[in-house]
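The structure appears right after this line, and notes come after that.
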Amino acid sequence: MGPSSAPQDLVAQQQRRGFWLRTLHSWHWISSAICLIGMLLFAITGITLNHSAAIEAKPDTLTRKVEMPASVLRALGKREDGNAPLPGTVSDWLNDVLPVSIGAQPAEWSSEEIYLSLPRPGGDAWLSIDRESGAVEYERTRRGWIAYLNDLHKGRNAGAAWRWFIDVFALACLVFCVTGLFLLQMHARQRRMTWPYVALGLALPVLLALLFIH
């Protein structure tokens with residue numbers, strides 16, 4: 001191999017480096033764009049959760065009582081105990097007369113009463129049906145927007161769609177962090193404090209956990 005091979009190897013090396021830089025930058029900015037709003041949400045709610053005891057919440061409670069028509073009451077059938085969704089006729093009627101959205105979530109059945117828990121982010125709700133008289137009692141409590149966002153942070157009672165969003169968001173954050181790590185490695189020669197800062201980011205939470213969490 002002659003002396004002319006050295007410049008060719010250098011050119012090939014620079015081309016490979018340029019390819020990986022372009023690829024990593026593309027994945028880095030795409031993943032950052034996808035997870036930007038979610039990261040802001042989770043960062044802000046991380047602060048509000050950490051100081052939740054100092055943030056006052058004023059619950060807003062709504063109570064409603066209605067009477068179920070005999071035709072709807074008969075649609076409940078003769079089930080006496082166990083857990084099962086409400087019949088479609090009953091859930092449709094409740095959706096019309098109360099501010100609820102009842103899907104296929106199971107209710108608790110007994111011979112005297114049917115109880116349905118309706119938890120939601122930032123609040124709670126429930127309704128009960130007296131199986132003899134058809135009396136329906138409904139109560140909904142809301143604790144405000146901060147409680148709502150805090151529960152989204154925890155994925156509390158947020159449903160399957162929100163769980164899928166959290167999974168996609170976590171994957172985007174993982175891609176963002178991994179591509180960022182490779183970009184740090186590729187630029188580390190020109191930035192001498194790269195790895196000391198990375199080491200600090202690792203050492204700080206480890207030391208805090210070892211020294212102050214018992």
Side-chain angles (χ1 to χ4, degrees), residues 34-35 37-173 213:
I34 291 172
C35 65
I37 302 303
M39 193 174 292
L40 288 172
L41 169 66
F42 279 81
I44 293 169
T45 51
I47 296 172
T48 57
L49 280 168
N50 201 36
H51 299 277
S52 57
I55 300 174
E56 289 189 14
K58 297 180 179 179
D60 176 26
T61 301
L62 170 69
T63 302
R64 296 277 299 275
K65 293 182 180 181
V66 294
E67 293 290 332
M68 185 175 288
S71 59
V72 179
L73 185 60
R74 283 194 298 270
L76 291 173
K78 298 185 180 298
R79 175 186 289 273
E80 292 192 356
D81 53 23
N83 295 327
L86 295 173
T89 301
V90 178
S91 60
D92 289 343
W93 181 81
L94 290 170
N95 289 339
D96 288 338
V97 300
L98 295 173
V100 295
S101 178
I102 299 172
Q105 48 199 325
E108 300 174 20
W109 296 63
S110 69
S111 58
E112 297 86 15
E113 181 188 55
I114 299 173
Y115 178 84
L116 181 61
S117 179
L118 299 164
R120 63 195 61 203
D124 204 355
W126 58 267
L127 66 82
S128 66
I129 303 170
D130 187 303
R131 300 191 66 177
E132 182 176 354
S133 66
V136 178
E137 186 174 357
Y138 169 76
E139 183 175 287
R140 183 195 67 199
T141 301
R142 290 176 175 171
R143 297 189 298 273
W145 279 103
I146 293 179
Y148 177 80
L149 295 175
N150 286 347
D151 283 348
L152 290 185
H153 182 112
K154 296 181 286 187
R156 177 181 179 270
N157 303 319
W162 185 255
R163 288 196 298 270
W164 276 106
F165 165 76
I166 291 178
D167 287 341
V168 173
F169 166 73
L171 181 61
C173 287
I213 301 176

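Everything numeric in this text was worked out from a predicted model, so none of it was measured.
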For a 4.5 angstrom cut-off between non-hydrogen side-chain atoms, does Pro121 reach Trp162? no
Could you state the interatomic distance from CD1 (Ile47) to CD1 (Ile44), rounded to the nearest 0.5 Å? 7.0 Å
Close side-chain approach of Leu118 to Gln105, heavy-atom, < 4.5 Å: yes
Quick one: do Tyr148 and Leu152 satisfy side-chain contact (heavy atoms from CB on, under 4.5 Å)? Show the steps, please. CA-CA 6 Å; Tyr148 177 80; Leu152 290 185; 3.6 Å; yes
Relative to each other, are the rings of Phe169 and Phe165 parallel, tilted or perpendicular (30° and 60° limits)? parallel
To the nearest 0.5 angstrom, please state how far the CG atom of Leu127 sits from the OH atom of Tyr115. 8.5 Å
In terms of heavy-atom contacts, does CG of Asp81 have more than 12 from other residues, nucleotides or ligands at under 6.0 Å? no
Atom pair CG (Asn150) and OG1 (Thr48), whose distance is rounded to the nearest 0.5 Å: 3.5 Å
For the side chain of Asp151 and the backbone of Gly122, is there at least one donor-acceptor N/O pair under 3.5 Å apart? yes
Take Met68 and Val90, measure what side-chain contact (heavy atoms from CB on, under 4.5 Å) needs, and give me the verdict at the end. CA-CA 9 Å; Met68 185 175 288; Val90 178; 4.0 Å; yes
Any donor-acceptor N/O pair, Asn95 side chain to Ser91 backbone, under 3.5 Å: yes
Test Tyr138 against every option in Val100, Leu94, Val66 by the side chain to side chain contact (heavy atoms under 4.5 Å, CB included) rule and name the one that passes. Val100
Report yes if some heavy atom in the side chain of Trp109 is under 4.5 Å from a heavy atom in the side chain of Leu86; otherwise report no. yes
First locate atom CG of Asp60, then atom CZ of Arg142, and finally report the distance between them rounded to the nearest 0.5 Å. 7.5 Å
Between Arg120 and Ala125, the two heavy atoms sitting closest are NH2-CB, 3.6 Å
Could you report the tightest heavy-atom contact between Ala104 and Pro85, atom names first, then the distance? O-CG, 3.4 Å
Value rounded to 0.5 Å, distance of CG in Asp124 from OG1 in Thr141: 6.5 Å
Of all heavy-atom pairs between Cys173 and Met39, which one has the smallest distance, and what is that distance? SG-CE, 3.7 Å
Should we count CZ of Arg131 as having more than 12 external heavy atoms under 6.0 Å? yes
Is any side-chain heavy atom of Lys154 closer than 4.5 Å to a side-chain heavy atom of Leu49? yes
Mind checking the CG-CD1 spacing from Asp92 to Ile102? Nearest 0.5 Å is all I need. 9.5 Å
Can Trp126 and Glu137 be said to form a side-chain contact (heavy atoms from CB on, under 4.5 Å), step by step? CA-CA 8 Å; Trp126 58 267; Glu137 186 174 357; 3.9 Å; yes
Do Thr61 and Glu139 pass the side-chain contact (heavy atoms from CB on, under 4.5 Å) test, and can you show the C-alpha distance, the side-chain angles, and the key distance before you say yes or no? CA-CA 7 Å; Thr61 301; Glu139 183 175 287; 3.8 Å; yes
Check Ser133 against Leu73 and note the closest heavy-atom contact, atom names and distance. C-CD2, 4.3 Å
Verify the neighbour count for atom CZ of Phe42: are there more than 12 heavy atoms of other residues, nucleotides or ligands below 6.0 Å? yes
